[in-house]
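Okay, so here's the structure we're looking at.
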Amino acid sequence: MAQKYCPREIERKWQDRWAAEHLYEVRDDDSRPKFYALTMFPYTSGDLHIGHWYAMAPSDVYARFKRMQGYNTLHPMGFDAFGLPAENAAISHGIHPYQWTMRNIENMRRQLKRIGAIYDWSREGGTCLPDYYKWTQWFFLKLYQAGLAYRAKAPVNWCSECQTVLANEQVIEDGLCERCDTPVTKKELEQWFFRITKYAEELLRYSRVDWPEHIKIMQTNWIGKSKGAEVSFWLEHEGVDQKEVRVFTTRPDTILGVTFFILAPEHPLVCQLTVPARKAEVDEYVAWCRRQTEYERVALGREKTGVFLGSYVVNPLSGERVPIWIADYVLPSYGTGAIMGVPAHDGRDLEFARKFNLPVRVVIAPVDWSGPELTEAYAGSGTMVNSGEFNGLPSEQGSEAICALLEEKGWGKRAVTYHLRDWLVSRQRYWGAPIPIIHCDKCGMVPVPEEDLPVLLPADAEFRPTGESPLKYCQSFVNSACPRCGGSARRETDTMDTFVCSSWYFLRYTSPGTKDAPFDAAKMRSWLPVDLYSGGAEHAVMHLLYARFFTKALRDMGLVDFDEPFSRLVNQGTIIYHSDKMSKSRGNVVAPDEYVAELGADAVRGYLMFIGPWELGGEWNDRGIVGVSRWLNRVWSLITTDYAGRAVDPEADKELLHLLHKTIKKVTIDLENFRFNTMLASLMEFTNYLSRVRERGVVADPLWHETIRCLLLLIAPAAPHLAEELWTTRGHPYSIHNQLWPEYDEEMASEEEITLAIQVNGKLRDKVLVPASISETEAKDLALGRDRVKAYIDGKKLNRVIYVPKRVVNIVVAPL
RNA sequence: GCCGAAGUGGCGGAACGGCAGACGCGCUACGUUCAGGGCGUAGUGUCCUUAAGGACGUGAGGGUUCAAAUCCCUCCUUCGGCACCA
């Protein structure tokens, strides 16, 4: 009897040898077709948890599968290393963010190596290293030069006690500051933006990508394209220079139903349009709004609030004066920050009108409408009424007619609006890539010259618990010379959103050592775009949209030659623990280390594949992990026990060959479709079958050995250590991971006999084993002749007989 | 609230218009030169039945179809995202 399966020993042995012999290092000058399989890099939170393994183990299995299929496969790994938690650690534990992050990287790299993946560590990258963020800054300058980076005022979370900007995460329940429980308000600050909205239209197109439908839908809804019109309402307000205020509407056909007008509380005209008598109330309301989060504000079920400014606008179409209100459900960031109130045809407007006793005027009549007031807002199409010259027109035509009139008179125009807002990239923090801009009193904003990059983060910054950016008080950093006039100047102290760093990391892996450019152009061209990108569903919108935007911007600068960064995308589901996404910041992580120590990395990899469909994720539990471990043990003993064909039977050979090809086919197709759970189930079934064959010794020795060889190749991506060990002990040349994937013969994989189900009126009444080649007539006759069936159809009227090839005969009968 | 996804045995799940419960966990029984949480064999949705067999059964309710876990509508629950966590 051979020795026992001891994963600890063999996993360490092979990981060491693979590393020592650079088995997984990828060459750029390989003649085989390339495959770029990328898994989203982890944030350097400190420890790798089960959620990370869930993302990484199955994607490694897929990359290994592609490698065995003969592709030169690049499967790199790195670290998303800038961000808020490092700074929090600096404040609470007195450790510098750099130290904290590098220590975490070291630990995570060690843990990652235990997965047994084919990561090419010679290409590892980290976004917080000057060699990397130099190029993040370089891209910022490129975007700035291209007019895609600009500065503008924007509201931020502000704690008046700490005198600091807060991340959304630092605002705790009820809108309080996590540090001092002071109510958080909004404050307007100069911020940096990337003009992602310039690409809104192109970002809606997915013809060049193979992405899951639901991800495309989420992005499409996030971009939120609406067609309609911009309309000017006239202002006749003493002391106000502006003579009009614009709204965006998707329903120009309802302009004659306007009975009030609402500005966002943050709208620049609010102050000027408020009459003195109402100023106090308006100010109080605006202050209250600044404490609301955006999605509190737009929540549909919420009771409507608002304040009348005391002034009016004139509807250009009717000449009618309507009152101007402010209300929190009108957002400054969408459209023009102003809406026309049409209570008859918008649910929110109707609620508002009812709350404040404003008139409701029906202008679009639903079918069968006879004139009474509507009980709820009618947002559909219909016939125009109460609309003067437009009466009687279907609303779609009316919309066109009104747009034409608006354009003719110069009162408005057809317009398209997007929900997508420009990307706010500046952060008032230390631990990010500094924005490479210098502020000079004489020259204004001056970009840092390329040759002066990187703008290094100062090592001597102080981390005080005020929450204010340490860069602001770091004189050695702030004080600088203007690159243009040489005079004294101040450095920009904002750093970049970490999503900027992660918008181009996939380019750097192709040529990580490149000194004079973010990447080597030829190597980038040979590897990109990424063939398969996998990662958490939580990145469905933001990260993926930002990376797409970045790619398109780079393309327009001539830096890359493709339109989409990720040709194919797969989102694995989220691992939940205690009813919450497993993550360090939520404090509900489960470490894989103990499982790995006890059962081995192969068992943990296998279990994560086996627990269910990869794209679903689910609540973590370890019941059942022993099932995979036992299977690996069964494989071990199946293969390490000598085989002897004592009772060789040609029929058994035939059956084995059929099941072998059927299994190769199933495993291949399941892998191609990321169905790791059913792939493993079919390998288990085949293993169980082989155990019975071995007991009986019914197949010839050469066939047995060939079958075992194929089985090991099929197992190799899932359990790379076990497969390597058994492969070499059976005398095959090192390494199994350089072998080609087994092929299957379609004919051998197909069934010769099938079980036909026989139903009467849709209920299963009998089953019969028949040759797969059975004809429709034969099948129907056979079914009608079965004794079991006769009992249900005798004395009844035969209505029809339905035959589904190779599956079912359904006999439909009715009482006579 | 809005956008997206998911609800199937005691548990993870399979089937994705055609035999509901593959594979595995757990449990039960038996066996084992079995120290063990080891290995092997058999059984295991619920109810009725000695059995053969039958009835019911995929979150709830309705619909389409010869046939629905699967398609459509309404609702409920859970999870992810909602623009400064990453």
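We name chains A, B, ... by the order of the sequence lines, and we start the count at 1 in each one. What's counted below: heavy atoms across the whole structure, side chains too, no hydrogens, waters or symmetry copies.
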(message) Once you apply a heavy-atom cut-off of 4.0 Å, does Trp222(A) come out as touching a base, just sugar-phosphate, or nothing?
(response) base
(message) Ignoring hydrogens and geometry beyond distance, is a side-chain donor-acceptor pair present between Tyr150(A) and Asp422(A) at under 3.5 Å?
(response) yes
(request) Please work out if Gln191(A) contacts a base, only the sugar-phosphate, or nothing of the nucleic acid, heavy-atom cut-off 4.0 Å. (result) base
(message) If you compare every side-chain N and O of Tyr792(A) against the phosphate oxygens of G54(B) (OP1, OP2), does one of them come in below 4.0 Å?
(response) yes
(message) Is it the case that C84(B) (base atoms only) and Arg429(A) (side chain only) share a donor and an acceptor within less than 3.5 Å, ignoring hydrogens and angles?
(response) yes
(message) Would you say Asn688(A) places a side-chain N or O within less than 4.0 Å of OP1 or OP2 belonging to G24(B)?
(response) yes
(request) Check every strand shown and say whether Arg788(A) touches a base, only sugar-phosphate, or nothing at a heavy-atom separation below 4.0 Å. (result) sugar-phosphate
(request) Provide the Watson-Crick or G-U wobble partner of A60(B), both distances under 3.5 Å; none if there is no partner. (result) U74(B)
(message) With a 4.5 Å cut-off on side-chain heavy atoms, are Leu798(A) and Ile811(A) touching?
(response) yes
(request) Output the single nucleotide from C23(B), C19(B), G80(B) whose closest atom is nearest the side chain of Thr574(A). (result) G80(B)
(message) For Lys666(A) and Val812(A), find the nucleotide of RNA chain B closest to each by heavy atoms; which residue's nucleotide sits nearer the 5' end?
(response) Lys666(A)
(request) Have a look at Asn633(A) and say if it touches a base, only the backbone sugar-phosphate, or nothing, with a 4.0 Å heavy-atom cut-off. (result) nothing
(message) Side chain of Glu685(A), heavy atoms from C-beta onward: which of A14(B), C23(B), G4(B) has the nearest atom to it?
(response) C23(B)
(request) May I ask you to verify if any side-chain N or O of Arg623(A) is less than 4.0 angstrom from the OP1 or OP2 atom of G10(B)? (result) no
(request) Go ahead and name the base partner of U28(B); Watson-Crick or wobble counts if both distances stay under 3.5 Å, otherwise write none. (result) A42(B)
(request) Quick one: label Ile802(A) by what it contacts on the DNA or RNA (base, sugar-phosphate, nothing), any heavy atom closer than 4.0 Å. (result) base
(request) Would you mind calling G38(B) syn or anti? Take O4'-C1'-N9-C4 for purines or O4'-C1'-N1-C2 for pyrimidines, and syn is within 90° of 0. (result) anti
(message) Whole angstroms only, please: what is the OH-C1' distance between Tyr577(A) and U78(B)?
(response) 18 Å
(request) Would you classify Pro42(A) as touching base, sugar-phosphate or nothing, given that sugar-phosphate means primed atoms plus P, OP1 and OP2, and contacts are heavy atoms under 4.0 Å? (result) nothing
(request) Classify the side-chain pair Glu492(A)/Trp192(A) by whether it contains a donor and acceptor separated by less than 3.5 Å. (result) yes
(request) Have a look at Arg692(A) and say if it touches a base, only the backbone sugar-phosphate, or nothing, with a 4.0 Å heavy-atom cut-off. (result) nothing
(request) Would you please confirm or rule out a distance under 4.0 Å between OP1 or OP2 of G81(B) and any side-chain N or O of Lys581(A)? (result) yes
(message) What's Gln170(A) touching, base or sugar-phosphate or nothing? Going by heavy atoms closer than 4.0 Å.
(response) nothing
(message) To the closest 0.5 Å, what do you measure between CG (Leu166(A)) and NZ (Lys187(A))?
(response) 12.0 Å
(request) Establish, with yes or no, whether the OP1 or OP2 oxygen of C66(B) is under 4.0 angstrom from a side-chain nitrogen or oxygen of Arg800(A). (result) yes
(message) Can you identify which nucleotide, out of G18(B), C85(B), C82(B), has its nearest atom closest to the Asn168(A) side chain?
(response) C85(B)
(request) Scan His543(A) against the nucleic acid and name what it touches under 4.0 Å (heavy atoms): base, sugar-phosphate only, or nothing. (result) nothing
(request) Identify which nucleotide among C19(B), C84(B), A86(B) has an atom closest to any side-chain atom of Thr498(A), counting heavy atoms from C-beta outward. (result) A86(B)
(request) Grab the CG-C1' distance between Leu769(A) and C19(B) for me, whole Å please. (result) 13 Å
(request) For Gly612(A) and for Ser579(A), locate the closest nucleotide of RNA chain B by heavy-atom distance; then report the residue assigned to the nucleotide nearer the 5' terminus. (result) Gly612(A)
(message) Tell me whether the side-chain N/O atoms of Asn677(A) come closer than 4.0 Å to OP1 or OP2 in C23(B).
(response) no
(request) Any strand is fair game: report the nucleotide pairing with G9(B) by Watson-Crick or G-U wobble, both distances under 3.5 Å, or none. (result) none
(request) Go through the side-chain N and O atoms of Thr136(A) and Trp504(A) and say whether any donor and acceptor fall under 3.5 Å apart. (result) yes
(request) Quick one: label Ser502(A) by what it contacts on the DNA or RNA (base, sugar-phosphate, nothing), any heavy atom closer than 4.0 Å. (result) nothing
(request) When you get a sec, tell me which of G4(B), C25(B), C23(B) is the closest nucleotide to the side chain of Ala681(A)? (result) C23(B)
(request) Provide, to the nearest angstrom, the distance between the CE atom belonging to Met542(A) and the P atom belonging to G81(B). (result) 11 Å
(request) Ignoring the backbone of Glu538(A), work out which of G80(B), C11(B), G38(B) is nearest its side chain. (result) G80(B)
(message) I'd like to know if the side chain of Trp614(A) pairs up with that of Ser534(A) as donor and acceptor (distance under 3.5 Å, no hydrogens or angles considered).
(response) no
(message) Suppose we define a pair by two distances each less than 3.5 Å, Watson-Crick or G-U wobble; what does G80(B) pair with here?
(response) C3(B)
(message) Do Arg348(A) and Tyr329(A) form a cation-pi contact, if we require the NZ or CZ to be under 6.0 Å from the six-membered ring centre and within 45 degrees of the ring's axis?
(response) no
(request) Considering just the side-chain nitrogens and oxygens of Arg427(A), establish if one lies under 4.0 Å of OP1 or OP2 belonging to C84(B). (result) yes
(message) Pairing donors with acceptors under 3.5 angstrom, does anything connect the side chains of Ser469(A) and Gln428(A)?
(response) no
(message) Of the listed nucleotides (C23(B), C84(B), C25(B)), which one gets closest to any side-chain atom of Val165(A)?
(response) C84(B)
(message) Over all strands shown, is Leu680(A) touching base, sugar-phosphate only, or nothing at heavy-atom distances under 4.0 angstrom?
(response) nothing
(message) Using the rule ring-ring contact (aromatic ring centres under 6.0 Å, His included), only one of Tyr43(A), Trp431(A), Tyr132(A), Tyr430(A) pairs with Phe82(A); which is it?
(response) Trp431(A)
(message) So, under a plain 3.5 Å distance rule, would you say the side chain of Gln428(A) forms a donor-acceptor pair with the base of C84(B)?
(response) yes
(message) Please confirm whether the shortest side-chain N or O distance from Arg675(A) to OP1 or OP2 of C16(B) is below 4.0 Å.
(response) no
(message) Applying the Watson-Crick and G-U wobble criteria at under 3.5 Å, what pairs with U50(B)? Answer none if nothing qualifies.
(response) none
(message) Let's see if you can work this out: which of A5(B), G13(B), C85(B) has an atom nearest to the side-chain heavy atoms of Leu84(A)?
(response) C85(B)
(request) Ignoring backbone atoms, test whether Arg630(A) places a side-chain nitrogen or oxygen under 4.0 Å from the OP1 or OP2 oxygen of G38(B). (result) yes
(request) Look at all strands and tell whether Thr755(A) reaches a base, only sugar-phosphate, or nothing, counting heavy atoms closer than 4.0 Å. (result) base
(message) Over all strands shown, is Asn810(A) touching base, sugar-phosphate only, or nothing at heavy-atom distances under 4.0 angstrom?
(response) base
(message) Checking base pairs now: Watson-Crick or wobble, both atom distances under 3.5 Å. What partners A35(B)?
(response) none
(request) Kindly assign one of parallel, tilted or perpendicular to the pair Phe41(A) and Tyr505(A), based on the angle between their ring planes and the thresholds 30° and 60°. (result) parallel
(request) Check every strand shown and say whether Val801(A) touches a base, only sugar-phosphate, or nothing at a heavy-atom separation below 4.0 Å. (result) nothing
(request) Please determine, for the side chain of Val804(A), which listed nucleotide (G18(B), A86(B), G80(B)) has the closest atom? (result) G18(B)
(request) Send over the distance from Met582(A) CE to U78(B) C1', rounded to a whole Å. (result) 17 Å
(request) Go ahead and name the base partner of C66(B); Watson-Crick or wobble counts if both distances stay under 3.5 Å, otherwise write none. (result) G18(B)
